[in-house]
Structure formats: structure tokens, C-alpha cells
2 protein chains.
Amino acid sequence: MSSFLGSYRHQLDGKGRLSLPADFRRGSDADVFVLVQVQDDALTLFPEDAWGPVQEELRELQQRNPEARHYVLSITASARRVVPDSQGRILIPEQLRDAAGLDGEALVVGALNKIEIWDPERFQQRTGDRGEEVAELAQRIFA
Amino acid sequence: MSSFLGSYRHQLDGKGRLSLPADFRRGSDADVFVLVQVQDDALTLFPEDAWGPVQEELRELQQRNPEARHYVLSITASARRVVPDSQGRILIPEQLRDAAGLDGEALVVGALNKIEIWDPERFQQRTGDRGEEVAELAQRIFA
DNA sequence: CCACTGTTTCCCACATTTCCCCACGCGGCC
DNA sequence: GGCCGCGTGGGGAAATGTGGGAAACAGTGG
């Protein structure tokens, strides 16, 4: 299984391309990713092998709970299959760029089995205020 | 198996033709689709291989539950086998165009094993209000 | 049975976008 | 110091979405 760690501040060039860190490129077996917006404050990038199970769960959710149809649609509508070019860059569609508030620079963050793409300033804000109970709970993991 | 992702805003020209995104054209092995209205707010486009199982289930439903006969009939009546032209466009019959409230523009949305065709504004409305329980359920998928 | 009309299908054409490839500069490592 | 890897930039070629014209077709009415 792939494990992505670290954060990298990369440029988002005029054409909307973003270089993936070389580490992340090597970290995934295949060269195919799925870029999708599952949170409203950042984009998420799944390597293909991690996306497969997610897709299956989406389908099950949809079958079990018809209410979920529109929700699943909103996810798949935002999703995009992306393949890095020979320089290891992916193209981020304008639609997603706007949705995540990206312009000029982006923070590429390793998140274990997936990668998150943030606007650097927004990342600062959102990770600044940790809920206290959560922090306490989390501390036990490292004990 | 084919997996359709992404949303594309395409023109619906004077003749009622709609270009399928090139990604979707490649995504399906065969060049044959079934266009049908199974939801009241959008049209659905199945690649031929995904339609097969659906057809079987319709038959079973009909056998088990005679009440369903009229329902199944209304589905098959609206359905249409379509083959994209050499430019990758399909013709959407007027009847279906009206039923889905399409005029001028259409949003072609990937929905995993099938494709949905929406009026852009309607899509905005319907996907905007996520049920809270559903959203919560769904968030676990991405953890 | 034939002529007519409206619809569908095939083909050609164009503008824009996207993709692919080459090139540069910086930095670390041998 | 030279080499290699990496992030960044850009130019040219191919692909894509869109429009329209003419041929083929089907259905209708005379």
C-alpha cells in the first residue's frame, strides 16, 4: 500500500498544471490518479488503487440509500481521472481550482493513502485550531 | 468495466445533437449506448454492456411483481438505442429533451457505470442540498 | 403508386483547447 | 566541479467541441 507523507509548496502555472512531488510519483504503483472534491476546503487525489474501494462504497451507498443519489452525483461530477505528464504534472480543471480557492500556489499534502491539495493560507487557518478533545484523543496513539 | 467521472457543459445544437466528452467515448468499449429516462430530473445514458444487467432486472421485476408492468413499460417506451456519429455526438429525441428540461445547454455527468444528462441549473439545485445524514455517512467513505 | 415534406445521417470545415515534447535553471550529491 | 534529479516554463501539433450543407430516409397525403 502506498503511504504519502510530507507537504510541498508548489507552483500552479498559467495552464493550471501542478507538479506532484517526486516522492509521491514514486509512491504510487500506477501513474493514474483520481482528483475529486470530497471536502469543501480542499481537493483530494487518490491513486487509482485507493480509489477502487471508494468507488465500490459509493455504489453501495447509492443502492442502499436512494436519498444519496444526488450526493454521489455531486462527487462523481467533480471527480476527474488524471494522468501525470512526462514531467509528473497533473492538470487541475478550472472548476476545481476555483472550488478549492487555488491561485498561483498550492500545498500538496501527503495524507497516508491519499494526497490533499490545499490553498496554503487556508491550510494554515484550518489546521491551526485543533479541537481540544480530538487532540487529547490523538495523543494516546503516540503513547 | 467502464467508469465515468467528471462533468462537462456541452452545447445542444439546433438539431438536438449533444457531443459526448471524448473521455466518455473512450471509456466505453463499444460505441453503442442506451438513452433512457429512469429518473424524473435527468436522462441516463448506459453503455451497452452496463445496460444488459439492467434489462435483466427489469424482466425479473416484471415477473415477480405484475403491478410493475406498467412502470417497466414506461421505461422501455422512453428508452432509445443510440450510436454516436463520427464526431461523437448523439441525437436526443425531442420527447426526452423536453422531459429533462433541456434547452441550449446540457451538463454531461459521469456517474460511475453510467452517464447522466442534466439541465445545468437543475443540477445545481438538486445537488446543492445534501441531506445531513447522507453527508455524514458519506464522509466515512473517504476517511 | 408517386410526389412531397420533414427528419435523420453522413460528411466537411473551423476555432479553440488540450496534450506532448523540448529546454532552462536551481540545488544536492557524488 | 560536473552530473543528475527536480520543479518550472513555453511552443507546436494533434484532438476536441461546434456549426452547417447535402444526401439518404421515412412517413403522409394525394
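Computed over heavy atoms, backbone and side chain alike; hydrogens, waters and symmetry mates excluded. A note on names: the letters A, B, ... follow the listed sequences, proteins ahead of strands, and every chain is numbered from 1.
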Engineer: A:Arg9: which residues meet the side chain to side chain donor-acceptor pair (under 3.5 Å) condition with it, sequence neighbours left out?
Structural biologist: A:Glu105
Engineer: According to side-chain contact (heavy atoms from CB on, under 4.5 Å), who are the partners of B:Gln95, at least two apart in sequence or on a separate chain?
Structural biologist: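 For B:Gln95, no residue satisfies side-chain contact (heavy atoms from CB on, under 4.5 Å) once neighbours in sequence are set aside.
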Engineer: Identify, with sequence neighbours excluded, every residue that meets ring pair (Phe, Tyr, Trp, His ring centres under 6.0 Å) alongside B:Phe24.
Structural biologist: B:Phe4, B:Tyr8
Engineer: Using modelled atom types and a 3.5 Å cut-off, is there a donor and acceptor pairing between side-chain atoms of B:His10 and backbone atoms of B:Ser19?
Structural biologist: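 Here the side-chain-to-backbone pair exists.
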Engineer: Residues two or more places apart in sequence or in another chain: which of them pass ring pair (Phe, Tyr, Trp, His ring centres under 6.0 Å) with A:Trp118?
Structural biologist: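 A:Trp118 satisfies ring pair (Phe, Tyr, Trp, His ring centres under 6.0 Å) with A:Phe123 once adjacent residues are dropped.
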Engineer: Can you list, by residue number, the residues of residues 8-18 of chain A that have a non-hydrogen atom closer than 4.0 angstrom to DNA chain C?
Structural biologist: A:Lys15, A:Arg17
Engineer: Given the rule in the side chain to side chain contact (heavy atoms under 4.5 Å, CB included) test, do B:Gln87 and B:Arg17 qualify, once you have shown the distances and angles that lead to the verdict?
Structural biologist: CA-CA 11 Å; B:Gln87 272 73 356; B:Arg17 296 177 297 186; over 6 Å; no
Engineer: N/O contacts under 3.5 Å, protein versus nucleotides 2-5 of chain D?
Structural biologist:
none

Engineer: Check DNA chain D against residues 75-97 of chain B and give the residues with a non-hydrogen atom under 4.0 Å, in numerical order.
Structural biologist: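 Going residue by residue through residues 75-97 of chain B, the ones with a heavy atom under 4.0 Å of DNA chain D turn out to be B:Gln87, B:Arg89.
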Engineer: Show me the side-chain donor-acceptor pairs of residues 50-68 of chain B shorter than 3.5 Å, one per line, residues at least two apart or across chains.
Structural biologist:
residue: B:Trp51; atom: NE1; partner: B:Gln55; partner atom: OE1; Å: 2.8
residue: B:Asn65; atom: OD1; partner: B:Glu67; partner atom: N; Å: 3.0

Engineer: Tell me who clusters with A:Phe142, hydrophobic residues only, linked when side chains sit under 4.5 Å apart either directly or through other members.
Structural biologist: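 Direct or chained contacts put A:Phe142 with A:Ile141.
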Engineer: Starting from A:Leu91 and following side-chain heavy-atom contacts under 4.5 Å between hydrophobic residues (I, L, V, M, F, W, Y), which residues can be reached?
Structural biologist: none
Engineer: Among B:Leu43, B:Val36, B:Leu73, B:Val38, which one satisfies side-chain contact (heavy atoms from CB on, under 4.5 Å) with B:Ser78?
Structural biologist: B:Val36
Engineer: Below 4.0 Å from chain A heavy atoms, what is the first contacting nucleotide of DNA chain C and what is the last?
Structural biologist: C:dC19 to C:dA23
Engineer: Taking ring pair (Phe, Tyr, Trp, His ring centres under 6.0 Å) as the test, write out the residues that go with A:Phe33, two or more places apart.
Structural biologist: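 Expected list: none.
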Engineer: Under the side chain to side chain contact (heavy atoms under 4.5 Å, CB included) rule, what do A:Asp119 and A:Asp41 come out as? Steps first, then yes or no, please.
Structural biologist: CA-CA 9 Å; A:Asp119 172 64; A:Asp41 40 13; over 6 Å; no
